[in-house]
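Naming convention: chains lettered A, B, ... in sequence-line order (proteins, then strands); numbering from 1 in each chain.
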Amino acid sequence: MRLATFNVNSARRRVPHLRRFLERHSPDVVMLQELKCRTEEFPALEFADLGYRAHAIGQTGGRNGVAVVARVPFEVIGERLPGEAEDAQARWIEVAALGMRIGGLYLPNGNSGGDEGYAYKLRWLARLRALAADRLELGLPLALLGDFNVCPTEADLYPGALPETDALVRPESRAAFRALLWLGLTDALRVLHPQDAPWTYWDYGAAFDTNRGLRIDHALLSAELAERLVAATVDTAARSEEQPSDHAPVMIELRD
DNA sequence: ATGACCCCATACTGGGGA
């Protein structure tokens, strides 16, 4: 079975790209981020003829937004990350599918909004860790897929691509990411490509042609799923198309 | 970092992204 995550940077603009991705790889479940539309504006019917059903969590104002697109049955478990009252930002979706629990997430960037913007990012990471710990305690096979907005190590960005003060590489961001791994989660792309894990994001402009990117979209797997992991890839074809997202899809394959 | 991106919206300029 194949699971994927794709930050589309506008769901409506990226319908052709997502359709081509679905046709190329036939993933069973795809978690989307940065819909940049309201729930009712998500183009769910654009994928129905390919056999996919969708559930979107949009947001007013053209910000954030996450969704699941799947060709297998799924149940939506949650639409907001627990732990913070009145969090209006659409950054989390949890589904039950294929006998596992799948979290789709769009972590706050943390570079805007000053100190409070970065504090919100760190709180979000702590809330994510608490949720993951709970699901693991229940014994649920868990996959966390999404745009984490964290380069876990210096190997996860083109040298000098970001200043040391950037919220994607700051020590507190990386420590919070490691704290997720300490729960027993496996970074799928890194474990299968220990020396040469590919980027998942390239800034618009010359970054893709010169391959100066970042690895910020991740698939973290609980132990039983990591034992079934046979492939983890970045679909760079999606990034090389016309009018692409600045992210490429990350896909993992698990033994049935 | 953003003249040299892109996307959205209380739009013809500004905020957010990473």
Provide, to the nearest angstrom, the distance between the [atom1] atom belonging to [X] and the [atom2] atom belonging to [N].
X	N	atom1	atom2	value
A:Gln33	B:dA18	CD	C1'	14 Å
A:Gln243	B:dC7	CD	P	7 Å
A:Gln59	B:dA9	CD	C1'	13 Å
A:Asp203	B:dA1	CG	C1'	9 Å
A:Tyr118	B:dA18	OH	C1'	14 Å

Subject >> Salt bridge A:Asp187-A:Arg215, side-chain N to carboxylate O under 4.0 Å >> reply: yes
**OP:** For the pair A:Glu34 and A:Arg13, find out whether any cationic side-chain nitrogen is under 4.0 Å from an anionic carboxylate oxygen.
**Re:** no
Nearest-Å distance once atom [atom1] is located in both [N] and [M]:
N	M	atom1	answer
B:dA1	B:dT13	P	25 Å
B:dC6	B:dA11	P	23 Å
B:dT10	B:dG15	P	15 Å

So what does [X] touch, heavy atoms closer than 4.0 Å: a base, only the sugar-phosphate, or nothing?
X	value
A:Arg14	sugar-phosphate
A:Asn149	sugar-phosphate
A:Asn9	sugar-phosphate

**OP:** Please state whether the phosphate of B:dC6, meaning OP1 or OP2, lies under 4.0 angstrom from any side-chain nitrogen or oxygen of A:Ser10.
**Re:** no
**OP:** Verify the contact: side-chain N or O of A:His247 to OP1 or OP2 of B:dA18, cut-off strictly under 4.0 Å; return yes or no.
**Re:** yes
**OP:** Taking the six-membered ring for Trp and the single ring otherwise, decide whether the centroids of A:Phe21 and A:His17 are under 6.0 Å apart.
**Re:** no
**OP:** With the side chain of A:Asn111 defined as its heavy atoms from C-beta on, choose the nearest nucleotide among B:dC6, B:dA18, B:dA9.
**Re:** B:dA18
Original post:
Hey, which of A:Phe148, A:Tyr201, A:Phe6, A:Phe208 is the one that makes ring pair (Phe, Tyr, Trp, His ring centres under 6.0 Å) with A:His247?
Top reply: A:Tyr201
